[in-house]
Amino acid sequence: MINQYVDINFWNKELKNRTPEEIIDWALKLSKKRIVTTSFGKYSAVLLSTFYRKDKNIKVVWCDTGYNIPETYEHAVDLMDRFQLNVQTYVPLQSKAFTDLTLGLPSIEDPNHVEFTEIVKLEPFKRALKEHNPEVWFTNIRVRQTKLRESKDILSYSKNGILKVSPFYYWTDQDLDKYVDEHDLPKNSTYFDPVKALANRECGIHLQ
């Protein structure tokens, strides 16, 4: 694994003032075993559009819970077509209808929400990691989003030693809005994830 020779404390300092594209270029040299994850959320077009230029064949892992609103599915189709994404879709092992019957759509205060999260988001993601066994994982997490993400940096390690690379980590919403406008990118402003539920709450993937 590359975690044996990448000093993330050193490289986080080195990369802090680099552009996202420079960070991606640096990380792409580390390993051929790489993925980028997306939920097709609000600013998903920003990160995904860079791989249209950098690595069109990178595996884009999408854990589709089945609970996205129509606008998110429309946004996903638009980005897949626009950037010719190599999307690897992972869905829950049990149907949405069965989950609706047995658990419903539990709120985050409901004890069933933990099981709901495992079924519709975490199990599919664990399956994706097992199948692709990546050494580099590109994400779009940013500082100021959640308490957990405040504790990360451009580079961090997952629990099982995958190098997580967040090229836009220090960018603000205003920075991303400017980028979206300058590059004529779509924005999924209506995005809602029932697993995450609250903007400042983790959906669980980045706890892995």
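Quick note: residue numbers are just sequence positions, from 1. These numbers come from the heavy atoms of this one structure, side chains and all, not from hydrogens, waters or symmetry mates. Bear in mind the structure is a predicted one, so any value in this text is a computation, not a measurement.
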Taking all non-hydrogen atoms of both residues, which atom of [X] and which atom of [Y] are closest, and how far apart?
X      : Y      : answer
Ala45  : Pro186 : CB-O, 3.4 Å
Arg34  : Leu28  : NH1-O, 2.7 Å
Ser166 : Ile141 : OG-CG1, 3.1 Å
Arg82  : Leu185 : NH1-CA, 4.3 Å
His132 : Ile35  : CB-CG2, 4.2 Å
Leu15  : Ile23  : O-CD1, 3.8 Å

Heavy atoms from other residues, nucleotides or ligands near NZ of Lys59 exceed 12 (cutoff 6.0 Å):
no

Phe98, CZ atom: more than 12 neighbouring heavy atoms under 6.0 Å:
no

Counting C-beta onward and ignoring hydrogens, is there a side-chain heavy-atom pair between [X] and [Y] closer than 4.5 Å?
X      : Y      : result
Ile108 : Val195 : no
Leu47  : Thr38  : no
Thr50  : Pro20  : no
Arg142 : Leu176 : yes
Phe40  : Met80  : yes
His183 : Val46  : no

Backbone N/O of Asn68 and side chain of Thr72: donor-acceptor pair under 3.5 Å:
no

Spacing of [atom1] belonging to [X] relative to [atom2] belonging to [Y], to within rounding of 0.5 Å:
X      : Y      : atom1 : atom2 : result
Asp193 : Lys121 : CG    : NZ    : 4.0 Å
Asn9   : Asp153 : CG    : CG    : 9.0 Å
Lys126 : Glu131 : NZ    : CD    : 15.0 Å
Leu163 : Ile8   : CG    : CD1   : 7.5 Å
Thr102 : Glu115 : OG1   : CD    : 7.0 Å
Leu155 : Glu14  : CG    : CD    : 11.0 Å

Please determine if Asp25 and Lys29 form a salt bridge, counting it only when a charged side-chain N lies under 4.0 Å from a carboxylate O.
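Judged by the 4.0 Å cut-off on N to carboxylate O distance, Asp25 and Lys29 do not form a salt bridge.
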
Are [X] and [Y] connected, step by step, through hydrophobic side chains (Ile, Leu, Val, Met, Phe, Trp, Tyr) whose heavy atoms are closer than 4.5 Å?
X     : Y      : answer
Val77 : Leu85  : no
Ile69 : Val120 : no
Tyr73 : Tyr191 : no

Salt bridge (charged side-chain N to carboxylate O under 4.0 Å, His left out) partner of Lys187, the single match among Asp177, Asp78, Asp181
Asp177

If we count only N and O atoms by modelled type, under 3.5 Å, do the side chains of [X] and [Y] hold a donor and an acceptor together?
X      : Y      : result
Asn86  : Gln88  : yes
Ser44  : His75  : yes
Glu21  : Thr19  : no
Thr139 : Thr37  : no
Ser107 : Asp110 : no

Partner set under side chain to side chain contact (heavy atoms under 4.5 Å, CB included) for Thr89, not counting sequence neighbours:
Trp62, Asp64, Val87, Val91

Residue pairs involving residues 15-35 (criterion ring-ring contact (aromatic ring centres under 6.0 Å, His included); sequence neighbours excluded):
Trp11-Trp26

Once the angle between the rings of Tyr67 and Phe116 is folded into 0 to 90°, is it parallel (under 30°), tilted (30 to 60°) or perpendicular (over 60°)?
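It falls in the perpendicular class, over 60°.
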
Does Lys16 count as lying over the ring of Tyr170, i.e. NZ or CZ under 6.0 Å from the six-ring centre, within 45 degrees of the axis?
yes

Quick one: are the ring centres of Trp171 and Tyr43 less than 6.0 Å apart?
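Trp171 vs Tyr43: aromatic centres not under 6.0 Å.
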
Using the ring centroid of each side chain, check whether Phe51 and Phe138 are separated by less than 6.0 Å.
yes

